[in-house]
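Quick caveat, the model's predicted, so the values are computed rather than measured.
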Amino acid sequence: MPGESLEEALDAARSLREEALPAVLTHLGESVTDASAVRAVEEEYLRALEAIREGGHDVELSVKPTQFGFDLDLDLCRQAVGRVLERARGEGLMLWIDMEGSATVEDTLALYRALRAEGPGVGICLQAYLHRTPADLEELLAVGPAVRLVKGAYREPPSVALQKPAEVDAAYLRIGRRLLEAEAGDPRTRAVFGTHDLELIEALAAVAREVGDDRGAPECHLLYGIRAADQRALVRAGRRVRVLISYGEAWYPWYMRRLAERPANLAFALRALLTPERQPPSRET
Ligand SMILES: Cc1cc2nc3c(=O)[nH]c(=O)nc-3n(C[C@H](O)[C@H](O)[C@H](O)COP(=O)(O)OP(=O)(O)OC[C@H]3O[C@@H](n4cnc5c(N)ncnc54)[C@H](O)[C@@H]3O)c2cc1C
């Protein structure tokens, strides 16, 4: 994270833009079950949209349904996300909907379909590790979706999700191929790959060429500060890359998922606690 404030996040977006790296912005938070707190989240995103417009930034937004009261009241959630989406559409900016734990998938897909039925400019995340995802993708393709495919960050049981990294990677490639084929055949469909896995990105680039994607490369979204040097190398290699910048005070659960993804990060965090004068982690990892 570049910082907790919107201003720090947009400063980071401005610096990245100078290196041909546009951004996606997310205000951290999840499991909000209080209507006034949902209202505050909505206002924060509207403030972000205003600042993006004033600053002329090339920034898309990404939101978590449970941050918008998904667990409290689905209608309230849909209306609040809908108001942010309406403003984003007015600015010509894309709004992405994150996918959270498996219990939320059905209603999140319904939320996406309802918002997509009102117009374009809205995307949904799908998680390759879920057994259900290939079928979900097939259903979604009918509406010409924007899909950001990720591996999946939540702990799920074997009945729900693949457990072995090699199996998740294979599923990611299979689903990614289907998505690229759909994108090549339907101009409404947008395929995005939210991953730092360079081997997968290269494999998908080969698939894109195979299916006749004349833009020549899959679009990739990576997290701020993770494999930063590789993000720039991908741009130099002609890949379309966006960097997801998170900001806000509610970083704890998000940070814990990032630590769990890479045990080396946990060791680093512990060493930093024990030796506070230590430098921050290299942005090159
Ligand atoms: C733009 C974006 C949006 C996302 N949105 C969602 C979402 O809505 N729902 C969801 O469930 N998940 C989401 N995720 C998280 C995703 O599911 C994975 O948990 C995460 O991206 C790690 O998987 P990976 O594809 O990078 O592959 P991995 O196999 O985990 O990593 C590949 C390589 O990337 C590097 N790397 C990966 N993670 C880290 C890290 N934390 N620290 C340092 N190096 C790392 C390592 O070198 C690793 O070897 C998102 C990820 C991205 C990039």
Legend entry - Which residues share a ring pair (Phe, Tyr, Trp, His ring centres under 6.0 Å) with Tyr129, sequence neighbours left out: none
Legend entry - Flag side-chain contact, heavy atom, 4.5 Å: Leu140 against Leu109: yes
Inset, instruction - Considering non-hydrogen atoms only, spot the tightest contact between Ala80 and Val38 and give its length. - result: CB-CG1, 4.1 Å
Inset, instruction - Return the set of residues passing side chain to side chain donor-acceptor pair (under 3.5 Å) with Glu210 (not counting sequence neighbours), or none when no residue passes. - result: Arg177
Inset, instruction - Answer yes if Leu141 and Val105 sit in the same cluster of Ile, Leu, Val, Met, Phe, Trp and Tyr residues linked by side chain heavy atoms under 4.5 Å apart, and no otherwise. - result: yes
Inset, instruction - Find out if a path of hydrophobic residues (ILVMFWY) with successive side-chain heavy-atom gaps under 4.5 Å connects Val211 to Ile201. - result: yes
Legend entry - side chain to side chain contact (heavy atoms under 4.5 Å, CB included) partner of Leu162, the single match among Thr133, Val168, Asp169: Val168
Legend entry - Whether Glu44 side chain and Ala40 backbone form a donor-acceptor pair below 3.5 Å: no
Inset, instruction - Answer yes or no: does atom CZ of Arg188 have more than 12 heavy-atom neighbours from other residues, nucleotides or ligands under 6.0 Å? - result: yes
Legend entry - Leu85 reachable from Leu74 in the ILVMFWY side-chain graph, under 4.5 Å edges: no
Legend entry - Student check: side-chain heavy atoms of Glu50 and Arg47 closer than 4.5 Å: no
Legend entry - Spacing of Leu198 atom CG and Glu202 atom CD [to the nearest 0.5 Å]: 7.5 Å
Legend entry - Over all atoms of both residues, closest heavy-atom pair of Leu137 and Val147: CD1-CG2, 4.3 Å
Inset, instruction - Would you check if the side chain of Glu4 reaches a backbone N or O of Glu249 as a donor-acceptor pair within less than 3.5 Å? - result: no
Legend entry - Arg14: partners by side chain to side chain donor-acceptor pair (under 3.5 Å), with sequence neighbours left out: Asp11
Inset, instruction - Would you please test Arg190 and Glu183 for salt bridge (charged side-chain N to carboxylate O under 4.0 Å, His left out) and show each step? - result: CA-CA 6 Å; Arg190 175 174 167 194; Glu183 187 188 44; over 6 Å; no
Inset, instruction - Salt-bridge test for Glu19 and Arg232: reply yes if a basic N is under 4.0 Å from a carboxylate O, no otherwise. - result: yes
Legend entry - Pairs satisfying side chain to side chain donor-acceptor pair (under 3.5 Å), at least one member in residues 140-149, at least two apart: Ser62-Arg148, Asp98-Arg148
Inset, instruction - Scan for ring-ring contact (aromatic ring centres under 6.0 Å, His included) pairs involving residues 189-212, sequence neighbours excluded, and state none if there are none. - result: none
Inset, instruction - Could you grab the distance from atom CD of Gln67 to atom SG of Cys77, nearest 0.5 Å is fine? - result: 10.0 Å
Inset, instruction - With the side chain counted from C-beta on, respond yes when Ile52 and Glu91 share a heavy-atom pair under 4.5 Å apart, and no when they do not. - result: no
Inset, instruction - Give every residue pair that meets the salt bridge (Lys or Arg N to Asp or Glu O under 4.0 Å) criterion with at least one member in residues 71-83, sequence neighbours excluded. - result: Glu42-Arg83
For residues 30-37, which side-chain donor-acceptor pairs fall under 3.5 Å, sequence neighbours excluded?
{"unit_1": "Glu30", "atom_1": "OE1", "unit_2": "Arg257", "atom_2": "NH1", "d": "3.1"}
{"unit_1": "Glu30", "atom_1": "OE2", "unit_2": "Arg257", "atom_2": "NH2", "d": "3.2"}
{"unit_1": "Asp34", "atom_1": "OD1", "unit_2": "Ser36", "atom_2": "N", "d": "2.9"}
{"unit_1": "Asp34", "atom_1": "OD1", "unit_2": "Ser36", "atom_2": "OG", "d": "2.5"}
{"unit_1": "Asp34", "atom_1": "OD1", "unit_2": "Ala37", "atom_2": "N", "d": "3.0"}

Legend entry - Non-hydrogen side-chain atoms of Leu222 and Leu234 separated by less than 4.5 Å: yes
Inset, instruction - Output every pair passing ring-ring contact (aromatic ring centres under 6.0 Å, His included) with a member in residues 16-41, not counting sequence neighbours, ordered by first then second residue. - result: His27-Tyr247
Inset, instruction - Check whether any side-chain heavy atom of Leu149 lies under 4.5 Å from a side-chain heavy atom of Ile175, and answer yes or no. - result: yes
Legend entry - By side-chain contact (heavy atoms from CB on, under 4.5 Å) - contacts of Val160 (at least two apart): Ser102, Leu130, Glu156, Pro157
Legend entry - For the student: nearest non-hydrogen atoms of Ala208 and Leu180, plus distance: N-CD1, 4.0 Å
Legend entry - Side chain Gln127, main chain Met99, donor-acceptor under 3.5 Å: yes
Legend entry - From Leu16 atom CG to Ile245 atom CD1, the distance as rounded to the nearest 0.5 Å: 5.0 Å
Inset, instruction - Hey, could you give me the CG/CD distance between Leu21 and Gln231, rounded to the nearest 0.5 Å? - result: 6.0 Å
Inset, instruction - Any pair with a residue in residues 48-107 that passes ring-ring contact (aromatic ring centres under 6.0 Å, His included), sequence neighbours left out, goes on the list, sorted by first then second residue, please. - result: Tyr45-Phe68, Trp96-His221
Inset, instruction - Compare all side-chain heavy atoms of Leu244 with those of Leu25 and state whether any distance is below 4.5 angstrom. - result: no
Inset, instruction - Not counting sequence neighbours, which residues clear side-chain contact (heavy atoms from CB on, under 4.5 Å) with Gln163? List them please. - result: Pro158, Ala161
Inset, instruction - Keeping the roles fixed (side chain from Gln79, backbone from Leu76), state whether a donor-acceptor pair exists under 3.5 Å. - result: no
Legend entry - Approximate separation, where rounding is to 0.5 Å, of Asp230 CG and Arg239 CZ: 12.5 Å
Inset, instruction - Go through the side-chain N and O atoms of Ser15 and Glu18 and say whether any donor and acceptor fall under 3.5 Å apart. - result: no
Inset, instruction - Identify the two heavy atoms, one from Pro2 and one from Ser246, that lie closest to each other, and give their separation to 0.1 Å. - result: CD-O, 3.7 Å
Inset, instruction - Would you indicate whether the side-chain heavy atoms of Val150 and Thr195 approach each other to under 4.5 Å? - result: no
Inset, instruction - Quick one: pull up OH in Tyr172 and CG in Asp197 and give me the separation to the nearest 0.5 Å. - result: 8.0 Å
In a table with atom names and distances, give each donor-acceptor pair under 3.5 Å that connects a side chain of residues 111-118 to protein atoms at least two apart or in another chain.
{"unit_1": "Tyr112", "atom_1": "OH", "unit_2": "Val122", "atom_2": "O", "d": "3.0"}
{"unit_1": "Tyr112", "atom_1": "OH", "unit_2": "Ala146", "atom_2": "N", "d": "3.3"}
{"unit_1": "Arg116", "atom_1": "NE", "unit_2": "Val143", "atom_2": "O", "d": "3.4"}
{"unit_1": "Arg116", "atom_1": "NE", "unit_2": "Gly144", "atom_2": "O", "d": "3.2"}
{"unit_1": "Arg116", "atom_1": "NH1", "unit_2": "Gly119", "atom_2": "O", "d": "3.4"}
{"unit_1": "Arg116", "atom_1": "NH2", "unit_2": "Val143", "atom_2": "O", "d": "3.2"}
{"unit_1": "Arg116", "atom_1": "NH2", "unit_2": "Gly144", "atom_2": "O", "d": "3.2"}

Legend entry - Cluster link Val81 to Leu126, ILVMFWY, side chain under 4.5 Å: yes
Legend entry - Hydrophobic cluster identity match, Val84 and Leu72, side-chain contacts under 4.5 Å: no
Inset, instruction - Evaluate whether atom CD of Glu54 has more than 12 neighbouring non-hydrogen atoms of other residues, nucleotides or ligands under 6.0 angstrom away. - result: yes
Inset, instruction - For residues Pro65 and Thr104, determine if any side-chain heavy atom of one lies less than 4.5 Å from a side-chain heavy atom of the other. - result: no
